[in-house]
Amino acid sequence: MGRHNREGKGADQQGYEYHINYQPDWLRLVKVTRTLDSGRQSTKTLFRNPTHDRREEPSEKVRTRIVSPGQGLDMEVVVSDPYGCVYRVQVTCMIPTGDGDSEKVVYTLEDSVPPATRG
């Protein structure tokens, strides 16, 4: 059984603040990808888990919540992974912009928090 979720925070390319609620034994990092005005894509690591190794096996259901009040974003991703084979999850959101349009923003959640080594 995994440990209780932890809280983290970060900021993206445009300075929007985020609150991350995550399982410390599963989530390694969250990246955010946006398309710039020039048409090029920009990817930034939004959050990196400060835990360098997992203390317990992740539970079968892994929950990650990402909230950005400035963008009106509040989403939770729940992954059922009883065999521990999910490595990456991508979620694409349409975020409203100030001019009444919307922007596609991709959030990438990655696993691979290694087991603790016994010495």
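Residues: numbered from 1 along the sequence shown. Atom set for the values below is all heavy atoms of this structure, side chains included, hydrogens, waters and symmetry mates excluded. Since we're looking at a predicted model, the values are computed, not measured.
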Visitor: Going only through I, L, V, M, F, W and Y residues with side-chain contacts under 4.5 Å, is there a path from Val67 to Val91?
Guide: no
Visitor: Show, in sequence, the C-alpha distance, side-chain angles and deciding distance for Gln23 and Thr64, and conclude whether the side chain to side chain donor-acceptor pair (under 3.5 Å) test is met.
Guide: CA-CA 7 Å; Gln23 275 185 273; Thr64 304; over 6 Å; no
Visitor: Could you grab the distance from atom CD1 of Ile20 to atom CG of Asn5, nearest 0.5 Å is fine?
Guide: 11.5 Å
Visitor: Rounded to the nearest 0.5 Å, how far does OG1 of Thr33 lie from CG of Leu36?
Guide: 10.5 Å
Visitor: Going by heavy atoms in the side chains, are Val105 and Val32 under 4.5 Å from each other?
Guide: yes
Visitor: Donor-acceptor pair, distance only, cut-off 3.5 Å: does the side chain of Asp81 make one with the backbone of Val86?
Guide: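 Answer holds: yes.
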Visitor: With sequence neighbours excluded, tell me which residues meet ring-ring contact (aromatic ring centres under 6.0 Å, His included) with Phe47.
Guide: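 Here the qualifying residues are Tyr22.
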Visitor: Does the Thr97 side chain pair with the main chain of Asp101, one donor and one acceptor, at a distance under 3.5 Å?
Guide: yes
Visitor: Under 6.0 Å from the CG atom of Asp37, do we count more than 12 heavy atoms belonging to anything else shown?
Guide: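 Counting other residues, nucleotides and ligands, CG of Asp37 stays at 12 neighbours or fewer.
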Visitor: Is there a side-chain contact between Val30 and Tyr18, using heavy atoms and a 4.5 Å cut-off?
Guide: no
Visitor: I'd like to check Asp74 versus Arg65 (side-chain heavy atoms, cut-off strictly below 4.5 Å). Are they in contact?
Guide: yes
Visitor: Once rounded to the nearest 0.5 Å, what's the spacing between atom CD1 of Ile66 and atom CE of Met75?
Guide: 3.5 Å
Visitor: For the side chain of Lys31 and the backbone of Glu110, is there at least one donor-acceptor N/O pair under 3.5 Å apart?
Guide: no
Visitor: So, taking the atom named CZ in Arg6 and the one named CG in Leu27, what distance separates them when rounded to the nearest 0.5 Å?
Guide: 12.5 Å
Visitor: Could you give the distance from OG1 (Thr35) to CD (Gln13), rounded to the nearest 0.5 Å?
Guide: 10.0 Å
Visitor: When you look at Ser42 and Arg34, which way does the side chain to side chain donor-acceptor pair (under 3.5 Å) test go after all the steps?
Guide: CA-CA 5 Å; Ser42 171; Arg34 292 187 128 88; over 6 Å; no
Visitor: Output yes when a side-chain donor or acceptor of Arg63 lies under 3.5 Å from a complementary backbone atom of Lys61, and no otherwise.
Guide: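 Between the backbone of Lys61 and the side chain of Arg63 there is no qualifying donor-acceptor contact (under 3.5 Å).
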Visitor: Minimum heavy-atom separation for Val113 to Asp53, with atom names?
Guide: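 Nearest pair, atom of Val113 first, then Asp53: CG1-C, 3.6 Å.
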Visitor: Do Glu103 and Pro96 have side-chain heavy atoms sitting under 4.5 Å apart?
Guide: no
Visitor: Give a yes or no on whether Leu109 and Leu29 share a hydrophobic cluster (residues Ile, Leu, Val, Met, Phe, Trp, Tyr; joining criterion: side-chain heavy atoms under 4.5 Å apart).
Guide: no
Visitor: Return yes if some donor-acceptor pair links the side-chain N/O of Ser68 with the main-chain N/O of Glu17 below 3.5 Å, else return no.
Guide: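 Flag set: sc Ser68 to bb Glu17 pair under 3.5 Å.
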Visitor: To the nearest 0.5 Å, how far apart are OG1 in Thr92 and OH in Tyr107?
Guide: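 Taking OG1 in Thr92 and OH in Tyr107, the distance rounds to 10.0 Å.
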Visitor: Would you say Trp26 ends up clustered with Val77 if hydrophobic residues are merged whenever their side chains have heavy atoms under 4.5 Å apart, either directly or through other cluster members?
Guide: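 Same cluster.
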Visitor: Are Cys93 and Leu73 packed together at the side-chain level, in the sense that at least one heavy-atom pair is separated by less than 4.5 angstrom?
Guide: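 The answer is yes; the side chains approach within 4.5 Å.
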Visitor: Are Arg28 and Tyr87 side-chain neighbours, meaning at least one heavy-atom pair lies under 4.5 Å?
Guide: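 Arg28 vs Tyr87: side chains touch.
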Visitor: Do Arg88 and Thr108 make a side-chain contact, defined as non-hydrogen atoms from C-beta onward lying under 4.5 Å apart?
Guide: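 Heavy-atom side-chain distance check passes, below 4.5 Å.
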Visitor: Would you check if the side chain of Asn21 reaches a backbone N or O of Glu7 as a donor-acceptor pair within less than 3.5 Å?
Guide: no
Visitor: Tell me, do Asp12 and Gln14 make a side-chain contact under 4.5 Å, heavy atoms counted?
Guide: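 Result yes, sub-4.5 Å side-chain heavy-atom pair found.
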